[in-house]
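Note that the structure is predicted; figures quoted are calculated from it, not measured. For ligands, and for the atoms within them, numbers begin at 1 and follow the listed sequence. Only this structure's heavy atoms are used, side chains among them; waters, hydrogens and symmetry mates stay out.
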Amino acid sequence: MSPIDDLPPLRDVIRRHDLAPKKSLGQNFLLDLNLTSRIARAGGRLDGVTVIEVGPGPGGLTRALLAEGARKVVAIEKDSRAIAALEEIASRYPGRLEIVEGDALEIAMEGLAGDGPARVIANLPYNVATPLLTGWVATEAWPPWWDGLVVMFQREVAERIVAKPGDDAYGRLGVLCGWRCEASIAFDVSPQAFTPPPKVTSSVVRLTPRPTPLACPVRDLEAVTQAAFGQRRKMLRQSLKGLGDAQALLSAAGLEPTRRAEEIPVEGFVALARAVAARRG
Ligand code: SAM
């Protein structure tokens, strides 16, 4: 298979720029450019799309995103050691790679996305992956600024994202993501694909925003799922007590008080969140 560009192999880049992987930054690099190209393509064609990439590291996925035709890639990286390596890629693709040095948890990404379709595609650092996802999906404004998320998670987190009622992995993350998005696992990636290999299998997850999810306030949905799944094996009449008159809320939502969180579909949680909002007035 021919290389995706004429830049040096990633192992050389890592050596020249002293990018020995740091555990504290969740650095497990992908050096196989066929695999990074597959991730880049997993959310559909990139022509005309601005991609926000969190954690480009030495740039394997960044290179694939550019080679696959992204209009622009905005790459947010916390590790200052990686910036010079990324600048080499930027000079190979003039005007198409913007490098932002900083902590992705503290950066307002919407402002970086520009006009036209924007997509998040990233091999995320696992230590901040879930808060980043929650931030993207629980944003007040909907439809959101992104038209898709294609992101790598530990397999166990991926299963929670796509879980349905009755699944062991069904919980707060599954309700939030299922409420606002169509979520699916695109493919698994074995530990051996990374340098260094992590302990667990990873999965690339695809999330597409639903144009018109059932209306309810995000904060109330989060409050009811937190209460319900905080005691997931208890009946709702018990687990929702912290929210006030649980029986009245359940009756307003049309749910049997003897049911448990793990059996309730997204629509049920939305009805509960609406009942909480209505009581607040
Ligand atoms: N995308 C590269 C690849 O696939 O080889 C690197 C992926 S590595 C799993 C995660 C990357 O995220 C590292 O480059 C790390 O320095 C960066 N990172 C860690 N925490 C970050 C944060 N809070 N904000 C931005 N980047 C972060």
Any nitrogen or oxygen of E77, side chain or backbone, less than 3.5 Å from one on ligand 1?
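Yes, there is a polar N/O contact under 3.5 Å.
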
[atom]: nearest protein contact (heavy atom, Å):
atom: atom 20 (N) of ligand 1; result: P125 CG, 3.6 Å
atom: atom 13 (C) of ligand 1; result: Q27 CG, 3.6 Å
atom: atom 10 (C) of ligand 1; result: G26 O, 3.6 Å
atom: atom 6 (C) of ligand 1; result: G55 O, 3.3 Å
atom: atom 26 (N) of ligand 1; result: K78 N, 3.4 Å

Below 30° counts as parallel, above 60° as perpendicular, anything between as tilted: where do the rings of Y170 and F229 land?
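Rings of Y170 and F229: perpendicular, as their planes differ by over 60°.
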
Calculate, to the nearest 0.5 Å, the distance between atoms CG and CD belonging to N127 and Q27 respectively.
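Result: 10.0 Å between the selected atoms.
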
Roughly how far, to the nearest 0.5 Å, is CD of E156 from OG of S203?
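Taking OG in S203 and CD in E156, the distance rounds to 10.5 Å.
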
Proximal candidate to [atom] [heavy atom criterion; set [options]]:
atom: atom 4 (O) of ligand 1; options: T62, L10, I14, N123; value: N123
atom: atom 23 (N) of ligand 1; options: D103, L132, I121, L105; value: D103
atom: atom 15 (C) of ligand 1; options: L25, L30, L31; value: L25

Stepwise salt bridge (Lys or Arg N to Asp or Glu O under 4.0 Å) test for D245 and R279
CA-CA 10 Å; D245 186 342; R279 192 191 51 191; over 6 Å; no

Sub-4.0 Å atoms of ligand 1 with respect to non-hydrogen atoms of [X]:
X: A104; value: 22 (C), 23 (N), 24 (N), 25 (C)
X: G57; value: 14 (O)
X: N28; value: 7 (C), 8 (S), 9 (C)
X: D79; value: 16 (O)
X: I76; value: 25 (C), 26 (N)

Do M109 and W146 touch side chain to side chain, with heavy atoms closer than 4.5 Å?
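No - every pair of side-chain heavy atoms lies 4.5 Å or more apart.
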
Do R172 and L176 have side-chain heavy atoms sitting under 4.5 Å apart?
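The answer is no, as the side chains (C-beta and beyond) never meet within the 4.5 Å cut-off.
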
D188 and T201: side-chain donor and acceptor closer than 3.5 Å?
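The criterion, which ignores hydrogens and geometry beyond distance, is not satisfied for T201 and D188.
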
Can a donor-acceptor pair be found between the side chains of E53 and T62 at a distance below 3.5 Å?
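The answer is yes; a qualifying pair exists.
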
At the 4.0 Å heavy-atom cut-off, does [X] count as touching ligand 1?
X: G102; value: yes
X: P56; value: yes
X: E53; value: yes

List the steps and the verdict of side chain to side chain contact (heavy atoms under 4.5 Å, CB included) for L10 and L33.
CA-CA 9 Å; L10 284 161; L33 295 175; 3.6 Å; yes

Go through the steps for E262 and K234 under the test salt bridge (Lys or Arg N to Asp or Glu O under 4.0 Å), then give the verdict.
CA-CA 10 Å; E262 56 201 9; K234 294 226 164 110; over 6 Å; no

Counting heavy atoms only, which part of L124 comes closer than 4.0 Å to ligand 1: side chain, backbone, both or neither?
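Contact part for L124 vs ligand 1: backbone (N, CA, C, O).
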
Report whether Y126 and L61 are members of the same hydrophobic cluster (ILVMFWY, side-chain heavy atoms less than 4.5 Å apart, transitive linking).
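Same cluster.
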
